Each structure stands twice: as structure tokens, then as C-alpha cells.
Amino acid sequence: MDPRRKIFDETSREIHAFFKRVGKIWIYEELKFFDLEPQMMTGEF
């Protein structure tokens, strides 16, 4: 396996686990990735 792919897979699992525990996406770039537009300055809907 390509070392970069391994790093990507590990990071993806860690990010997924983090957001699953946190339960809220609050990073503007993450919201934009999902084509979501926050309605407030805090990023909440």
C-alpha cells in the first residue's frame, strides 16, 4: 500500500471517530465540503 494512502486512511478513521463522538460539525470548511451553508456566524443552522 502506498504510504500516503495509509496515512489518509488512518487520518480519515480518526476524523470520523472524532466527529462521531462530538456529534457536531463546526468547521466552516467541513460544512462547505458537504455543500452546507451556515445561517449564523457561529456555524449553527
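Remember, predicted model here, so these are calculated numbers, not experimental data. Atom set for the values below is all heavy atoms of this structure, side chains included, hydrogens, waters and symmetry mates excluded.
- In this view, R5 and D9 satisfy the salt bridge (Lys or Arg N to Asp or Glu O under 4.0 Å) rule, not counting sequence neighbours.
- With sequence neighbours excluded, the residues forming a salt bridge (Lys or Arg N to Asp or Glu O under 4.0 Å) with R4 are D2, listed by chain and number.
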List, one per line, each side-chain donor-acceptor pair under 3.5 Å for residues 10-23, sequence neighbours excluded.
unit_1: T11; atom_1: OG1; unit_2: I7; atom_2: O; d: 2.8
unit_1: S12; atom_1: OG; unit_2: F8; atom_2: O; d: 2.9

